[in-house]
Q: 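Take this structure, written in structure tokens, and hold onto it; I'll ask about it next.
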Amino acid sequence: MTVTTEISDEDHAVELIVRDASASSPDGSAEDGAGGGSSSGSGSEEMTSLLNPSEKPKINIFSVAYSRRKPREQVARLPDTETSPIIQFIIWIWGGSRYSGILCMALSSMIYFAMEVLSDSFSAQSIPLFETAFTRCTIVLILSYAWLRRSGQPLFGAASARKLLFWRALTGYLSLLSFIYCIQRLPLSQAIVLNFTTPVMASIVARIMLHEKLKIADIGGLACSFFGVIFIYRQILRTQGGWTRGGETNNTTAKGSQHIYAVLVGLFSAITGGISFCLIKAGAKASDQPVVTVFSFGLLSSPAAGICTFAFEEFVLPDFYSFTLMLILGVLAFFVEVFLARGFQLEKTSRAANVQYIEVAVSQFWLMVSSRISSSFGGIVGCLLILISVCCTIYFGPDKEME
């Protein structure tokens, strides 16, 4: 396109001539010597076509200014939309990689370990177990309700998932109730060993209920981790053979029949916990929202734990320090449940459950480093067995087969 400007001294007029390069001659000399009238006429027509709003030019001053202004606006808004590296890391764990299910389970176990460290490091008022469970379940219920409302998700998920959510809440609370009874009647180490049979039970139940395939590597990983738990608590189980806990004799476990009954209740807790894990996986997949399973559990367990608090134990009013610690532990328990549900939603049950054993190994290492317990050969071997098993699970990664 050629632009020519002529200035006439007689009438002091300024003319703008716009010519299309395609209409000109190849040598560019055509119509160069045209008269002023023809030039004026063609210029008027060309100017009229340029000012016609129906034919917009592809590039104009406004488009150029907009293209230059947009990057500056994006740069100005960049600090507002930036997130911290910790938040980005959590988002990546939540759903940014093929290993998200395993990583969510590992993060859940590490948060649970942090809860143990806080409970051991900060001595607080002695609170009954049912009251502690009631506080945590209530906090889990409130936070999961706020999460679902803020994200605009339905509280109970799809209609097809409501039965699964109900049975998940029921089996989860029965597992919690029987585990509390087991802690009250058995030495703590025995109750912990019985509780860590839950991943094994979950893998067996998943094979029956969810028709998941159990490979030799999965079975070997679970067996290796469980034997690691046995190695860690072997010495403690021997020292607690006289039915002592905390340096005092526990008269409620003096009789062998009561001990057998408490062990059976502990196994019942493991079985119902395994069923609950499988229902978490099924409910999270059916509702496409793992927090729904957490909300359903809190909705049933919070009032049930409150009833048990006033029915079986004497209510203790906590002081400000103990209440603050209970709130912090309740918030951490909520994140434990959320990442647990997300892990089971994404990963195969046997592999996800195997990662839970990492909490035992990390807790044992922390006790050795902090000189809470003396290091022993069995404890070190048990921790190594668990770490090797969990590392192999993470290394082989999730199944590539479509479930």
Side-chain angles (χ1 to χ4, degrees), residues 70-71 73-118 136 139-158 161 165 168 277 279-298 327-359 362 390-391 393-403:
K70 186 176 181 180
E73 291 177 353
Q74 289 178 349
V75 172
R77 285 195 298 263
L78 187 60
D80 298 335
T81 58
E82 251 182 1
T83 56
S84 63
I86 298 177
I87 301 299
Q88 293 178 357
F89 178 70
I90 293 176
I91 293 175
W92 178 77
I93 289 178
W94 183 264
S97 70
R98 194 166 61 96
Y99 300 88
S100 292
I102 294 176
L103 293 176
C104 283
M105 294 300 299
L107 186 58
S108 174
S109 299
M110 296 306 296
I111 296 176
Y112 192 80
F113 163 71
M115 293 174 62
E116 290 186 357
V117 173
L118 288 176
R136 292 187 185 182
I139 294 174
V140 167
L141 174 63
I142 295 173
L143 293 180
S144 58
Y145 176 81
W147 180 306
L148 293 174
R149 281 303 185 188
R150 183 175 180 82
S151 61
Q153 298 290 334
L155 296 178
F156 301 102
L165 296 176
R168 176 268 181 274
F277 285 168
L279 292 174
I280 287 174
K281 182 181 183 67
K285 282 192 171 183
S287 61
D288 199 23
Q289 176 56 262
V291 186
V292 175
T293 63
V294 181
F295 174 75
S296 63
F297 171 72
L327 287 180
I328 295 174
L329 294 177
V331 173
L332 292 177
F334 166 73
F335 287 107
V336 167
E337 293 292 334
V338 170
F339 283 108
L340 181 76
R342 180 62 173 171
F344 278 115
Q345 181 189 17
L346 296 177
E347 189 50 64
K348 188 177 179 180
T349 304
S350 58
R351 293 189 175 183
N354 189 27
V355 181
Q356 285 188 303
Y357 286 107
I358 195 174
E359 183 267 329
V362 175
V390 173
C391 289
T393 301
I394 297 176
Y395 176 77
F396 288 111
D399 284 338
K400 297 181 181 179
E401 301 175 358
M402 296 297 294
E403 295 181 358

Q: Salt bridge (Lys or Arg N to Asp or Glu O under 4.0 Å): which pairs involve residues 287-296, sequence neighbours left out?
A: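 Listed by first then second residue: nothing to list.
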Q: Using 0.5 Å steps for rounding, measure from the CG atom of Leu332 to the CG atom of Leu329.
A: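 It is 6.5 Å, given to the nearest 0.5 Å.
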Q: For the residue pair Ala333 and Met115, what are the closest heavy atoms and their distance?
A: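 Result for this residue pair: N-SD, 3.8 Å.
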Q: Closest approach of Ala161 and Ala286, non-hydrogen atoms and distance?
A: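 Looking at all heavy atoms of both residues, the shortest contact is CB-CB, 3.6 Å.
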Q: Taking only residues two or more places apart in sequence, or in another chain, which ones meet Glu116 in a side-chain hydrogen bond (donor to acceptor under 3.5 Å, both in side chains)?
A: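 Testing Glu116 for side-chain hydrogen bond (donor to acceptor under 3.5 Å, both in side chains), a comparison that skips the adjacent residues, returns Ser363.
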Q: For the side chain of Lys281 and the backbone of Glu347, is there at least one donor-acceptor N/O pair under 3.5 Å apart?
A: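 Flag set: sc Lys281 to bb Glu347 pair under 3.5 Å.
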Q: Do you know the tightest heavy-atom contact between Leu155 and Phe295?
A: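 Scanning both residues, the minimum pair turns out to be O-CD2, 3.5 Å.
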Q: Could you grab the distance from atom CG of Leu165 to atom CD1 of Ile280, nearest 0.5 Å is fine?
A: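 Between Leu165 CG and Ile280 CD1, I get 10.5 Å after rounding to 0.5 Å.
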Q: Under the side-chain hydrogen bond (donor to acceptor under 3.5 Å, both in side chains) rule, collect the residues that match up with Arg136, sequence neighbours excluded.
A: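 Result, side-chain hydrogen bond (donor to acceptor under 3.5 Å, both in side chains) vs Arg136: none returned.
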Q: Restricting to non-hydrogen atoms, name the atom on Ser100 and the atom on Leu346 that form the minimum distance, rounded to 0.1 Å.
A: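 Shortest heavy-atom contact: CB-CD1, 3.7 Å.
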Q: List in chain and number order the residues that pass ring pair (Phe, Tyr, Trp, His ring centres under 6.0 Å) with Tyr357, two or more places apart in sequence or in another chain; answer none if no residue qualifies.
A: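 With neighbours one apart ignored, the set is Phe196.
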Q: Just how far is it from atom CZ of Phe344 to atom CD of Gln356, taken to the nearest 0.5 Å?
A: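 Answer for the CZ-CD pair, Phe344 versus Gln356, is 5.0 Å.
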Q: Checking Arg168 now: which residues fulfil salt bridge (Lys or Arg N to Asp or Glu O under 4.0 Å) with it, not counting sequence neighbours?
A: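 Checked Arg168 against salt bridge (Lys or Arg N to Asp or Glu O under 4.0 Å); matches are Glu337.
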Q: Which pairs pass salt bridge (Lys or Arg N to Asp or Glu O under 4.0 Å) with one or both residues in residues 141-154, sequence neighbours excluded?
A: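 Qualifying pairs, neighbours excluded: none.
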Q: Once side-chain hydrogen bond (donor to acceptor under 3.5 Å, both in side chains) is applied, do any residues pair with Thr349, and if so which ones, sequence neighbours excluded?
A: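 Residues passing side-chain hydrogen bond (donor to acceptor under 3.5 Å, both in side chains) with Thr349: Glu212.
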Q: Assign the ring pair Trp147 / Trp94 to parallel, tilted or perpendicular, where the plane angle (0 to 90°) is split at 30° and 60°.
A: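 Taking Trp94 first and then Trp147, their aromatic rings sit tilted (interplane angle of 30° to 60°).
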Q: Taking atom CD1 of Ile328 and atom CD1 of Ile139, what is their separation to the nearest 0.5 Å?
A: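 Separation between the atoms: 10.0 Å.
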Q: Measure the CD-CZ distance between Glu359 and Phe113 for me, rounded to the nearest 0.5 Å.
A: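 Here the interatomic distance stands at 8.0 Å.
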Q: Gln289: what forms a side-chain hydrogen bond (donor to acceptor under 3.5 Å, both in side chains) with it, not counting sequence neighbours?
A: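 Applying side-chain hydrogen bond (donor to acceptor under 3.5 Å, both in side chains) to Gln289 gives none.
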Q: Sequence neighbours excluded, which residues qualify as side-chain contact (heavy atoms from CB on, under 4.5 Å) partners of Ala282?
A: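 Per chain and number, Ala282 pairs via side-chain contact (heavy atoms from CB on, under 4.5 Å) with Leu164, Leu210.
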Q: Determine which pairs satisfy salt bridge (Lys or Arg N to Asp or Glu O under 4.0 Å) with at least one residue from residues 86-95, sequence neighbours left out, and list them in order.
A: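 Every pair satisfying salt bridge (Lys or Arg N to Asp or Glu O under 4.0 Å) with a residue in residues 86-95: there are none.
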Q: Nearest heavy-atom pair of Thr293 and Ala341: which atoms, and what distance?
A: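 Smallest interatomic distance, heavy atoms only, reads OG1-CB, 3.6 Å.
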Q: Determine whether Ile87 and Trp92 satisfy the following criterion, side chain to side chain contact (heavy atoms under 4.5 Å, CB included), listing intermediate values before the conclusion.
A: CA-CA 9 Å; Ile87 301 299; Trp92 178 77; over 6 Å; no
Q: Compare every heavy atom of Gly343 with every heavy atom of Ala352, then report the nearest pair and how far apart it is.
A: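 Heavy-atom minimum between the residues: CB-O, 4.3 Å.
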Q: Under 3.5 Å, which donor-acceptor pairs link side chains of residues 103-111 to any protein atom two or more places apart or in another chain?
A:
from: Ser108; atom 1: OG; to: Val336; atom 2: O; distance (Å): 3.0
from: Ser109; atom 1: OG; to: Met105; atom 2: O; distance (Å): 3.2

